[in-house]
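Atoms considered below: every heavy atom in the structure, side chains included; atoms not considered: hydrogens, waters and symmetry mates.
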Amino acid sequence: MIHLKQPLVLSAQSSNVASPPLFATAAAASGQQRRASGAGRSRSGRRLTARRISCASTEEAVGVSTSVTTKERSLTVTAVVTAQAPTSVYVARGLDDIQDLFGKTLLLELVSSELDPKTGREREKVKGFAHMTLKEGTYEAKMSVPASFGPVGAVLVENEHHREMFIKDVKLITGGDESTAITFDVASWVHSKFDDPEPRVFFTVKSYLPSQTPPGIEALRKKELEKLRGDGHSERKFHERVYDYDTYNDLGDPDKNIDHKRPVLGTKEHPYPRRCRTGRPKTLYDPETERRSSPVYVPRDEQFSDVKGRTFSATTLRSGLHAILPALAPLLNNSQCFSHFPAIDALYSDGIPLPVDGHGGASFNVINDVIPRVVQMIEDTTEHVLRFEVPEMLERDRFSWFRDEEFARQTLAGLNPICIRRLTEFPIVSKLDPAVYGPAESALTKEVLEKMMNGRMTVEEAVEKKRLFLLDYHDVFLPYVHRVRELPDTTLYGSRTVFFLSEEGTLMPLAIELTRPQSPTRPQWRRAFTHGPDATESWLWKLAKAHVLTHDTGYHQLVSHWLRTHACVEPYIIATNRQLSRMHPVHRLLHPHFRYTMEINALAREALINADGIIEEAFWPGRYSIELSSVAYGAAWQFDTEALPEDLVSRGLAVRRDDGELELAIKDYPYADDGLLIWGSIKQWASDYVDFYYKSDGDVAGDEELRAWWEEVRTKGHADKKDEPWWPVCDSKENLVQILTIIMWVTSGHHAAVNFGQYHYAGYFPNRPTVVRKNIPVEENRDDEMKKFMARPEEVLLQSLPSQMQAIKVMATLDILSSHSPDEEYMGEYAEPAWLAEPMVKAAFEKFSGRLKEVEGTIDQRNNNPENKNRCGAGIVPYELLKPFSEPGVTGRGIPNSISI
């Protein structure tokens with residue numbers, strides 16, 4: 001079932017009911033005005049006119065352009081405004097209530113799509129005050145509109161209240177006949193005139209390319225975009241809707257603590273996507289760092305709804321999570337590590353008792369506000385415990401995290417299935433400077449790998465037959481090893497892991513390499529680890545796997561998730577609002593894919609990725625976390641390979657056949673298999689949509705707003721990459737479809753794949769540790785460490801894993817980040833009113849929605865097929881991260897339109 005986001009009444013040309021000229025389409029009006037000059041034809045030669053419709057309120061037919069030689073006839077139009085009723089008391093509420101009593105809540109102005117034929121200028125606007133009705137949240141105005149006014153192309157709204165108002169829609173009705181009503185989809189906050197005297201403008205639901213804009217609203221279209229761009233000066237205010245760019249210069253707070261100074265990201269030294277400018281003053285200590293404040297400005301319409309806000313923002317990231325550790329500190333007896341694995345299991349069974357009285361009552365309230373899902377009452381008592389839900393992976397098989405086959409399987413069907421690549425060259429050699437980091441040759445030699453392949457084939461044969469795969473965190477992390485090791489209670493190596501593709505289509509890990517680069521005082525250290533035949537080698541292998549898992553966890557959170565979705569998408573949002581009018585069809589296609597993202601990113605800068613934020617406190621890179629994502633952006637991010645097919649090809653996981661179809665190197669690759677279904681559905685929807693609005697490549701190349709949008713994405717939003725050769729040129733329908741599909745895929749399928757499984761897979765932290773706190777014992781080979789390892793290897797592993805504080809904070813965070821909000825909008829489920837206003841676009845969206853429902857069934861079939869051993873088997877978590885739909889909560893499935901958490 002397709003849901004309407006706002007009530008919609010289709011325009012008169014799709015109805016059999018006669019309609020007054022007021023409600024004729026703007027395209028019809030502009031077509032008649034331009035007929036003499038031929039301007040009423042599109043680039044493809046199709047006429048942009050519609051049949052004239054008689055005026056239902058008069059006895060004679062009246063054309064929109066009819067000259068009135070006698071008395072001008074008028075139409076009585078009722079404007080019905082649906083708004084969100086005020087939910088709070090504020091200082092000027094009494095004055096506003098009085099204003100309501102006098103019937104002056106909203107000043108509405110109707111704007112004709114036509115120019116005055118006598119003057120060649122915009123027609124005089126029709127004004128009227130809307131007053132409050134008996135129905136809560138509904139306001140009504142009676143307006144007298146000249147019959148020759150022409151179709152209404154826009155409505156201006158001035159809010160007479162002292163506080164902003166959320167308006168859902170404005171409906172214009174003539175003669176009480178609601179069947180002929182035209183609905184202006186607003187869904188926006190309208191500021192108070194006391195904050196800004198300029199009224200808001202809302203356009204018809206019909207979409208127009210710039211060259212097709214009705215002449216009466218051309219100036220408004222341009223003026224609105226100028227307003228949204230701002231002037232680049234002054235600090236932004238809460239009510240504003242200004243979109244502009246800035247660097248990531250607000251992560252540190254050197255005025256508060258000199259150790260909180262962080263590098264500015266978005267420079268030649270530290271390339272990065274741009275964020276939304278707030279205009280806050282710089283810190284006293286560092287003139288390059290912006291002063292932090294809370295809340296962080298984002299344009300008003302990008303902020304959370306009340307529902308989303310209640311379930312996420314203020315009580316979670318902004319204030320709550322920072323309060324968890326102090327609240328838990330007295331409950332954990334300051335224990336650094338878990339003493340045994342049953343103590344970890346107790347977090348999901350017995351839980352941690354929470355105080356409810358006295359000094360501890362505050363602790364209980366804080367934790368209950370932040371993570372209510374894990375605060376549970378003990379049966380038949382009034383006591384509460386902090387008890388985490390059992391992650392699905394642990395519930396299905398509590399020992400799976402320990403096994404090699406699960407370690408390998410998760411590179412294809414786990415939380416970060418986008419980093420493994422096929423090994424295409426051997427021997428493996430580092431690209432880093434050997435004079436700085438030591439010898440470039442890898443410890444993963446031919447002898448090591450062939451021994452682990454048990455003589456099945458040589459390395460050269462395995463490479464040729466596409467049987468070897470690599471998880472490579474060597475060169476990206478090696479430059480940071482010594483710096484990270486200077487941080488308290490953490491360590492780091494560069495790592496490589498080689499996997500072998502079995503005949504059954506599953507991966508088997510062959511060997512792991514850990515490397516410490518050389519330093520002025522010590523040579524490079526590196527060693528290959530394998531699952532050897534004795535207990536010592538087996539435990540060293542387990543420790544080496546823990547290091548690789550923490551590398552993969554850090555890279556996943558900082559690059560696969562934060563950088564490639566959240567950070568890289570924000571420039572698309574800013575450019576779309578600055579350069580594409582709200583009536584531009586591309587704006588309306590992309591708009592649902594940007595919901596809440598800027599607010600989420602602002603909250604992340606406030607509490608997640610900031611200096612001493614949750615990421616720095618709990619993940620191994622510490623203060624270098626976001627700097628590392630900048631290194632990855634500079635070295636590896638490309639817009640063109642954000643397309644799923646190109647990403648798979650670039651990693652050697654797929655090849656393109658002569659017929660253009662992809663052939664996967666691993667036939668059962670759940671992320672790729674399901675992802676390509678989603679990608680194909682999105683691309684077909686984008687193609688159908690583009691085909692409707694652009695009849696030729698010339699239409700694309702001639703779209704001035706589109707051209708400015710794409711130029712700004714490249715030169716401002718991703719300015720540090722603006723001269724790269726891989727940027728596609730937006731000059732044809734094919735290229736436009738590819739560009740739009742990439743953006744829509746990243747905001748939906750890609751983000752869903754790397755986000756909503758976080759608690760399922762990392763909620764049991766030994767499976768995906770965020771930090772390893774001790775070096776592997778054989779690096780130093782010290783007698784005391786080796787003696788302890790030989791005597792109690794499990795204790796060494798536990799002491800290496802995150803501390804109790806780190807583990808609980810991460811588990812609580814992942815529980816929040818893995819959850820769907822009750823107001824989530826899933827891809828293919830909600831239709832924009834502008835899509836439904838065009839029958840062909842509506843039909844294309846219905847096809848898209850239907851395809852996604854078919855994808856659901858296909859994924860279920862795949863998960864139940866025993867031949868798919870990477871997603872079906874004893875104790876295996878089915879791969880559902882790319883199932884399109886979900887219910888609220890932590891479900892491990894569902895693809896929202898946007899990066900909404």
Side-chain angles (χ1 to χ4, degrees), residues 79 81-109 111 125 127-132 137 139 141 154-170 184-203 220 222-244 246 276-281 290-291 293-306 308-309 313-314 318 573-574 577-578 581-582 596 598-599 602:
V81 180
T82 306
Q84 183 175 289
T87 57
S88 60
V89 177
Y90 50 94
V91 175
R93 178 71 183 269
L95 294 175
D96 290 346
D97 288 345
I98 293 172
Q99 191 85 329
D100 289 342
L101 289 174
F102 282 99
K104 292 189 175 183
T105 304
L106 298 167
L107 175 62
L108 306 181
E109 298 180 69
V111 183
K125 301 177 183 68
K127 300 181 181 182
F129 278 102
H131 61 85
M132 190 167 56
Y139 301 84
V155 177
L156 302 183
V157 181
E158 181 180 276
N159 178 10
E160 307 297 305
H161 277 182
H162 288 77
R163 176 164 286 197
E164 63 181 1
M165 180 184 295
F166 185 82
I167 295 182
K168 299 175 183 177
D169 57 49
V170 178
F184 285 75
D185 175 42
V186 176
S188 180
W189 290 96
V190 176
H191 59 261
S192 164
K193 73 173 185 180
F194 300 100
D195 289 325
D196 182 352
E198 194 167 322
R200 287 288 309 278
V201 56
F202 300 103
F203 297 107
L220 271 180
K222 293 176 181 177
K223 183 179 179 182
E224 171 75 352
L225 286 175
E226 290 169 0
K227 177 88 172 177
L228 292 168
R229 292 181 198 125
D231 59 7
H233 298 294
S234 71
E235 184 172 355
R236 298 272 65 88
K237 298 179 177 63
F238 175 83
H239 69 271
E240 292 180 328
R241 299 163 49 249
V242 174
Y243 295 78
D244 205 353
D246 209 342
C276 183
R277 179 186 177 275
T278 66
R280 292 174 293 186
E290 186 174 276
R291 191 178 300 165
S293 63
S294 179
V296 179
Y297 166 81
V298 296
R300 186 62 181 99
D301 284 340
E302 305 297 336
Q303 296 172 29
F304 290 160
S305 68
D306 287 347
K308 181 74 170 180
S313 64
R318 182 171 292 142
I573 304 174
I574 298 171
N577 284 279
R578 284 168 56 87
S581 166
R582 276 189 71 162
Y596 296 156
M598 292 182 74
E599 173 87 340

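- Judged by distance alone, the side chain of His191 and the main-chain N or O of His239 form no donor-acceptor pair under 3.5 Å.
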From CA spacing to verdict: side-chain contact (heavy atoms from CB on, under 4.5 Å), Glu109, Val155: CA-CA 6 Å; Glu109 298 180 69; Val155 177; over 6 Å; no

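- Using modelled atom types, no side-chain atom of Thr105 and backbone atom of His131 make a donor-acceptor pair closer than 3.5 Å.
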Just do the salt bridge (Lys or Arg N to Asp or Glu O under 4.0 Å) check on Arg578 and Glu226 with the steps written out, would you? CA-CA 8 Å; Arg578 284 168 56 87; Glu226 290 169 0; over 6 Å; no

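- In this structure, OG on Ser188 lies 4.5 Å from CZ on Phe202, to the nearest 0.5 angstrom.
- In this structure, Phe238 and Asp195 have side chains that are not in contact, with every pair of non-hydrogen atoms separated by 4.5 Å or more.
- Note that OG of Ser192 and CD of Glu164 are 9.5 Å apart. Values are rounded to the nearest 0.5 Å.
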Can you check side-chain contact (heavy atoms from CB on, under 4.5 Å) on Ile574 and Met598, steps first, answer last? CA-CA 9 Å; Ile574 298 171; Met598 292 182 74; 4.1 Å; yes

Kindly indicate, with the supporting measurements, whether the criterion side-chain contact (heavy atoms from CB on, under 4.5 Å) is fulfilled by Arg200 and Leu156. CA-CA 5 Å; Arg200 287 288 309 278; Leu156 302 183; over 6 Å; no

Stepwise, does the side-chain contact (heavy atoms from CB on, under 4.5 Å) test hold for Tyr297 with Val242? CA-CA 10 Å; Tyr297 166 81; Val242 174; 3.9 Å; yes

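- For the atom pair Asp246 CG and Cys276 SG, the distance stands at 9.0 Å (nearest 0.5 Å).
- Using modelled atom types, one finds a donor on one side chain and an acceptor on the other under 3.5 Å when comparing Glu302 with Tyr243.
- Annotation: side chain of Val81 is not in contact with side chain of Met132 (no heavy-atom distance under 4.5 Å).
- A heavy-atom distance below 4.5 Å is not found between the side chains of Ile167 and Gln84.
- In terms of heavy-atom proximity, Ala130 sits nearest to Leu108 at CB-CD1, 4.3 Å.
- Looking at Thr278 and Glu290, their side chains do bring a donor and an acceptor atom within 3.5 Å of each other.
- At distances below 3.5 Å, not a single donor-acceptor pair connects side-chain atoms of Asp169 with backbone N or O atoms of Phe184.
- Taking CD from Glu160 and CZ from Phe194, the interatomic distance works out to 7.0 Å, rounded to the nearest 0.5 Å.
- Residues forming a side chain to side chain donor-acceptor pair (under 3.5 Å) with Glu240 (at least two apart in sequence, or on another chain): Arg236.
- Glu158 has its side chain out of reach of Leu106: every pair of non-hydrogen atoms, C-beta onward, lies at least 4.5 Å apart.
- For Asn577 (side chain) and Ile573 (main-chain N/O), a donor-acceptor pair under 3.5 Å exists by modelled atom type.
- With rounding to the nearest 0.5 Å, the separation of CD in Gln303 from CG in Asp301 is 8.5 Å.
- At a threshold of 4.5 Å between non-hydrogen side-chain atoms, the residues Val111 and Leu220 count as touching.
- Listed by chain and residue number, nothing satisfies the salt bridge (Lys or Arg N to Asp or Glu O under 4.0 Å) test with Arg277 (two or more places apart in sequence, or in another chain).
- Under the 4.5 Å side-chain criterion, counting only non-hydrogen atoms from C-beta, Pro281 is in contact with Glu235.
- Within the model, atoms CG of Asp185 and CZ of Phe203 stand 13.5 Å from one another, a figure rounded to the nearest 0.5 Å.
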